[in-house]
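All remarks here apply to the structure that follows.
These numbers were taken from a predicted model, which means no experiment stands behind them.
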Amino acid sequence: ANLTVYEALKKCMQPEEFTNETYRRAFYLMQELWEKNGRVFEAELISYFHTVEEQALATDIFAAQIPKENTAGRFR
């Protein structure tokens, strides 16, 4: 599932397109973790965020149902 979320976002959006800073940071971190480890674990990603609000937004990315054509509206 993690590959699907990261790959879907990567195909549909560039980091600069995220208007929400937490989503943008989460995307950059997902990219970094994927390139470093070949996988992204939700708990590892969330550990980079310190407030409950940020952690909830980062978790939201994993819970999302990514449409095949466009994800732009959900995470901006």
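- The closest side-chain heavy-atom distance from F27 to I61 is not below 4.5 Å.
- Of all the heavy atoms in F41 and R39, the pair that sits closest is CE1-NE, 2.6 Å.
- Rounding to the nearest 0.5 Å places CG of D60 at 11.0 Å from OG1 of T22.
- Partners of Q55 under the side chain to side chain contact (heavy atoms under 4.5 Å, CB included) rule, at least two apart in sequence or in another chain, are I46, F49.
- E35 pairs by the salt bridge (charged side-chain N to carboxylate O under 4.0 Å, His left out) definition with nothing, not counting sequence neighbours.
- Here the CD-CH2 distance, from E32 to W34, works out to 14.5 Å after rounding to the nearest 0.5 Å.
- Residue E42 holds its CD atom at 9.5 Å from CE of M30, rounded to the nearest 0.5 Å.
- Side-chain atoms of R25 do not come within 3.5 Å of backbone N or O of E54 as any donor-acceptor pair.
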